[in-house]
Amino acid sequence: MIFLDKNEFPSDFPKSIKEEVISELIISDWNRYPVAESQELIALIAQLNSVPTDSLILGNGSSGLIMRFLGELSKHYNRIVTPNPSFELFDICPKLFDLNHITWDFNNELDYDYAGFPRGKNSIYVFCTPNNPTGTLIDPIFVETEIANDPSSVFLIDEAYAEFANDSYAHLTQKYNNVIVLKTFSKALGAAAIRLGYAMCSDTIKNQLKKNDLPFKFSPFTIISAKVLLNNFEKVIQPRIERIIEAREKMFHTLNEMLLEGDVKVYKSHGNFIPIRFYNENLKNEFIQRCTDSEVIIGKVRNSPNFFRITIGSEKENTKIIRIIEGLVLKPICISDGV
């Protein structure tokens with residue numbers, strides 16, 4: 001089975017990285033509670049993002065932080081605006097916390113509809129950049145203008161895929177008191193198994209968000225793994241990210257050249273995935289059947305039955321997806337090495 005549905009990294013870490021983690025785990029004390037906050041880990045994350053250490057909040061994946069933060073913020077705000085479509089938690093949490101949920105829909109080209117932005121005071125605004133599942137980047141001038149013009153609201157910027165776009169708003173957390181930037185180790189760092197995410201924000205918001213924080217959130221495995229990965233960021237992590245970006249661009253251009261105009265459209269993405277939309281029901285059904293027959297699982301988009309998200313996989317997996325789609329169109333295409 002080929003899993004191209006969760007935007008996971010297609011390859012595991014080198015054996016040397018795992019051995020380094022295991023060697024540190026062996027000498028750690030398993031009979032003791034782990035440290036409440038690993039200052040060494042916090043320092044490494046702060047250095048990576050060029051922010052002060054006291055601006056950081058760590059959590060069990062960015063999903064855990066999203067639920068924690070929206071639960072706390074719902075005590076002070078009753079209106080939330082989220083992109084649509086976007087990460088499914090941004091649909092679930094407003095219902096869970098009884099928030100007035102307003103969606104900010106993308107246009108037909110999967111761009112942010114800036115003219116239709118639903119402004120309102122005392123709101124929670126969620127910006128996702130790159131957005132999942134559209135792969136869209138948000139305009140930085142728009143973001144800072146909205147933040148500066150509405151100090152009554154709080155702005156949560158989800159950057160789960162930002163490393164694939166070399167794009168971050170972490171610096172705004174040091175300029176404004178109403179900004180939270182979320183990141184995760186699950187996507188670009190390729191460490192979904194360690195369940196670690198983090199947020200950057202001002203002291204004002206941090207004091208509010210940490211009220212219900214729990215001690216001993218992380219096992220030694222999580223803390224040690226994260227430190228090892230960050231200490232090997234330039235040597236191991238960054239080249240892996242660059243390979244995904246290169247494969248994504250090749251996949252986009254290959255599919256864009258072969259798809260039938262008017263029937264299927266592939267969109268430019270800044271994440272580790274490719275969005276694809278079908279305008280022909282028969283082709284869509286054939287695509288689903290071909291994926292099923294080939295034991296390939298792809299991402300489906302909530303409330304959008306004709307819209308799919310394909311994770312960038314290994315070279316072999318990417319080629320298989322291209323072959324599946326190639327069978328839907330009239331024009332065969334030569335696949336170059338390295339796609």
Side-chain angles (χ1 to χ4, degrees), residues 57 59-162 169 172-173 176-184 197 199-202 204-213 300-305 307 309:
I57 303 175
N60 299 110
S62 59
S63 297
L65 288 172
I66 288 168
M67 294 199 72
R68 249 181 70 195
F69 291 174
L70 292 183
E72 182 60 35
L73 291 171
S74 68
K75 300 173 185 176
H76 309 279
Y77 304 88
N78 62 15
R79 179 180 187 268
I80 185 170
V81 176
T82 68
N84 181 51
S86 192
F87 182 39
E88 63 182 7
L89 264 187
F90 294 128
D91 283 331
I92 295 170
C93 286
K95 297 182 182 73
L96 189 64
F97 301 120
D98 197 26
L99 286 161
N100 176 23
H101 186 200
I102 298 167
T103 58
W104 181 25
D105 297 339
F106 286 89
N107 62 27
N108 289 335
E109 295 302 314
L110 298 188
D111 289 327
Y112 279 101
D113 178 17
Y114 298 108
F117 182 62
R119 293 180 180 84
K121 300 298 181 182
N122 299 302
S123 299
I124 304 167
Y125 290 104
V126 175
F127 295 155
C128 302
T129 184
N131 182 61
N132 168 30
T134 64
T136 314
L137 289 176
I138 197 167
D139 176 37
I141 296 176
F142 170 85
V143 170
E144 187 160 7
T145 299
E146 294 300 322
I147 292 169
N149 288 344
D150 189 3
S152 72
S153 296
V154 63
F155 294 80
L156 191 157
I157 305 175
D158 183 358
E159 294 189 355
Y161 300 89
Y169 292 86
L172 295 184
T173 64
Y176 300 98
N177 289 325
N178 59 337
V179 180
I180 306 166
V181 172
L182 284 171
K183 284 183 172 286
T184 178
M200 296 164 279
C201 57
S202 69
T204 304
I205 295 183
K206 182 178 178 180
N207 293 335
Q208 179 179 332
L209 296 179
K210 284 183 72 72
K211 286 179 181 177
N212 297 322
D213 200 7
K300 298 178 181 178
V301 179
R302 283 163 60 100
N303 304 319
S304 300
F307 187 16
R309 185 198 64 205

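Along the sequence shown, residues are numbered consecutively beginning with 1.
Within 6.0 Å of CG in N108 there are 12 or fewer heavy atoms belonging to other residues, nucleotides or ligands.
Between C93 and L99, the closest side-chain pair of non-hydrogen atoms is not below 4.5 Å. Using a 4.5 Å cut-off on side-chain heavy atoms (C-beta onward), P85 and F106 make contact. No side-chain heavy atom of S86 sits under 4.5 Å from any side-chain heavy atom of W104. At least one side-chain heavy atom of E144 sits under 4.5 Å from a side-chain heavy atom of L172. Side-chain contact check for L96 versus M67: some heavy-atom pair is nearer than 4.5 Å. Looking only at side-chain heavy atoms (C-beta outward), I124 and F97 stay at 4.5 Å or farther from each other. Here the side chains of K300 and R309 are not in contact, with every heavy-atom distance at 4.5 Å or above. Counting only heavy atoms from C-beta outward, the side chains of I80 and N100 never approach each other to under 4.5 Å.
Note: Y125 and F155 have parallel aromatic rings, judged against thresholds of 30 and 60 degrees for the angle between ring planes.
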What do the steps show when you test Y112 against C128 for side-chain contact (heavy atoms from CB on, under 4.5 Å), and what is the final call?
CA-CA 10 Å; Y112 279 101; C128 302; 4.2 Å; yes
Between F117 and F142, is a ring pair (Phe, Tyr, Trp, His ring centres under 6.0 Å) present by the stated rule, with each step listed?
CA-CA 10 Å; F117 182 62; F142 170 85; 5.1 Å; yes
Can you check side-chain contact (heavy atoms from CB on, under 4.5 Å) on T204 and Y176, steps first, answer last? CA-CA 10 Å; T204 304; Y176 300 98; over 6 Å; no
T136 and N131: CA distance, side-chain angles, deciding distance, side chain to side chain donor-acceptor pair (under 3.5 Å) verdict:
CA-CA 5 Å; T136 314; N131 182 61; 5.3 Å; no
(Q) Evaluate S63 against F87 for side-chain contact (heavy atoms from CB on, under 4.5 Å), listing each step before the verdict. (A) CA-CA 10 Å; S63 297; F87 182 39; 3.6 Å; yes
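In this structure, CG in D105 is found 11.5 Å from CG in L110, a value given to the nearest 0.5 Å. Of the inter-residue distances, the one linking F127 atom CZ with E159 atom CD reads 12.5 Å to the nearest 0.5 angstrom. Rounding to the nearest 0.5 angstrom, the gap separating the CG atom in N78 from the CG atom in D98 is 9.0 Å. Note that NE2 of H76 is 4.0 Å distant from CD of Q208, once rounded to the nearest 0.5 Å. Rounding to the nearest 0.5 Å gives a distance of 14.0 Å between CZ of F307 and CZ of R302. Rounded to the nearest 0.5 Å, atoms NZ (K210) and SG (C201) are 9.0 Å apart.
R119 and D150 are not joined by a salt bridge, as no carboxylate oxygen comes within less than 4.0 angstrom of a charged side-chain nitrogen.
D158 approaches I66 most closely through the heavy-atom pair OD2-CD1, 4.4 Å. Residue I57 comes nearest to F69 through the heavy atom pair CD1-CZ, 4.1 Å, listed as atom of the first residue, atom of the second, then distance.
The backbone N or O of D111 sits less than 3.5 Å from a side-chain atom of N107, completing a donor-acceptor pair.
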